[in-house]
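Because only heavy atoms are used, hydrogens play no part in the values below, and waters and symmetry mates are left out as well, while side chains stay in. Whatever order the structure lists them in is the order used to number ligands and atoms, beginning at 1.
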Amino acid sequence: MASLLIQNGRVIDPSQQMDRIANLLVVDGRVAALDVQPGGEQTIIDASGKIVCPGLIDMHVHLREPGREEDETIETGTAAALAGGFTSIACMPNTEPTIDSQGVVDFIRHQAAQADHCNVFVVACVSKGREGKELAEIGQLVKAGAVAFSDDGSPIYSPELMRRAFEYCLMFDKPVLNHSEIRELTEHGVMHEGLTSLILGLSGMPAAAEDVMASRDIALAEATGGRFHLMHVSTAGSVDAVRRAKRRGVRVTTEVTPHHFTLTDECLRSFDSNYKMNPPLRGREHVEAVIAGLADGTIDVIATDHAPHAKEKKMQELDQAPFGVVGLETALGLVVTKLIKPGHLDWSTTIQKMTLNPARILGISKGTLAVGADADITIINPEVRWKVDPAEFRSKSTNSPFCGWELTGRAEIVIVAGRVKYKRG
Ligand SMILES: [Zn+2]
Ligand SMILES: [Zn+2]
């Protein structure tokens, strides 16, 4: 029996309302006991001064394989996830081919097993080919292992398709994840529409483009009883729409990315394409609204929307460059530096939004250190200060807006199924 004792760490596990110094024993890939003393044949990890929590989960990652291996592969993306402290990720279906058949789901699971870094859960297409016309074979995809459905990269545009997606997914108790955006309002846009876009003379993407479709999706979820997850929420209006819908008992959840609670549209003054993403960086009032939404529980999850793009693509002019930034290796540091240190969130609430909540939404048996659970564990140094250097990323791409930032907090040891998969050197 392979056993591992993680000693003297501050164990924070929101699934058990636990936050105290404890020893955690792992045997044969599972959490075996708490508060045991060392003895026998054990590998010991000293976690004094560290936080020991369930392995972090990122429910919004673009791995790019199959089809765009110049940006990222399942190998490099899952290695980047580990370095960021994540033991499980959910990958998005806007690959080439798209994830709309059992064959592609099998391929991804096979590549993830070969890479042998972190767990990969598959989000499959809502529509065949992500074309927004015909519903994908939801039942078959669930059977193949898909945990949720989305056409991310694009919105699920047709309200009729969205309604049927809710109804179908409900039969399997799966959530529908939407990139809610009215495209007629954002066409040719490169940044948030506001004073800054006006001054810079850049075409804008109004907050209303998100507000309108998020409200539509909430209405359809309410009408069908379906489960709606609003991806990368970025506006004050949609945070408020989710807040009000939750009060009415609508089955809606949402996530925010680190860049949306950290940066504003002012960053575009640099004309640097590493500030170009969709949804775009918003104005200060929207950033404050998402932080308030995190604090009051409206926003359930912190997810990265890790969107790698090879350098030559991002080096184009701002209007030509693709949307998106990498996020796996900076998320935890940004969360600590921008949410925990300033007092917006405490550790337990933060960890819940990066473990238990995404696990519940995806219906996966992760995000807990309860006895018997898979020993997926992240050990965090909460005080270490470090500088973001994209040259050190495990990701194949370096399109980060946080280059050179000084952050506090980082994953030091990452354990998947009882095996130490990552150790910061
Ligand atoms: Zn999206
Ligand atoms: Zn995305």
Side-chain angles (χ1 to χ4, degrees), residues 57-65 67-68 71-72 74 77 80-81 84 86 89-96 98-99 108 120-127 130-132 146-157 162 165 175-183 185-187 189-192 205 207 209-214 216-217 228-235 238 242 253-261 274-282 290 299 301-309 313-314 321-328 330-331 358 361-362 395 397 399-401:
I57 301 170
D58 186 352
M59 67 177 287
H60 191 154
V61 174
H62 296 272
L63 287 175
R64 303 304 191 205
E65 183 181 357
R68 282 174 47 194
D71 298 335
E72 193 79 285
I74 292 171
F86 296 97
I89 59 176
C91 65
M92 291 301 141
N94 60 335
T95 49
E96 296 157 21
T98 60
I99 311 179
I108 287 162
V120 175
F121 293 93
V122 178
V123 177
C125 295
V126 165
S127 67
R130 234 168 40 86
E131 286 173 355
V147 295
F149 291 85
S150 178
D151 276 355
D152 187 45
S154 309
I156 300 157
Y157 218 84
M162 187 64 171
V176 180
L177 285 38
N178 200 14
H179 169 125
S180 301
E181 175 193 359
I182 300 282
R183 285 267 158 102
L185 294 174
T186 58
E187 234 187 325
V190 297
M191 67 175 290
H192 173 62
M205 306 162 81
E210 178 174 313
D211 300 347
V212 173
M213 195 176 279
R216 178 205 76 171
D217 293 338
F228 170 46
H229 179 79
L230 173 61
M231 307 177 90
H232 42 48
V233 68
S234 72
T235 67
S238 52
V242 171
T253 53
T254 190
E255 68 189 27
V256 67
T257 71
H259 47 271
H260 285 116
F261 64 68
N274 286 328
Y275 298 112
K276 182 182 177 187
M277 56 285 272
N278 187 8
L281 299 174
R282 305 286 185 186
V290 297
I299 299 175
V301 168
I302 296 165
T304 66
D305 194 7
H306 178 81
H309 293 290
K313 298 181 191 172
K314 269 295 198 185
F323 290 101
V325 294
V326 292
L328 285 167
T330 48
I361 292 165
L362 298 175
S395 171
S397 291
N399 51 311
S400 170

Closest heavy-atom pair, Ser150 versus Leu177, reported as atoms and distance to 0.1 Å, is OG-O, 2.9 Å
If you look at every heavy atom in Asp151 and Ser127, which pair is closest and at what distance?
-> OD2-OG, 2.7 Å
Euclidean distance, His259 NE2 relative to Asp305 CG, rounded to 0.5 Å | 5.5 Å
Protein N, O or S atoms lying under 2.8 Å from the Zn ion (ligand 1), listed by chain and number | Asp152 OD1, His179 ND1, His232 NE2
Considering just N/O/S atoms, say which atom of His62 is closest to the Zn ion (ligand 2).
-> NE2
Pairwise distance OH(Tyr157) to CE(Met213) - rounded to 0.5 angstrom = 5.0 Å
Does the ring center of His179 lie less than 6.0 Å from the ring center of His232?
-> yes
Salt bridge (charged side-chain N to carboxylate O under 4.0 Å, His left out) against Arg216, all qualifying residues, sequence neighbours excluded | none
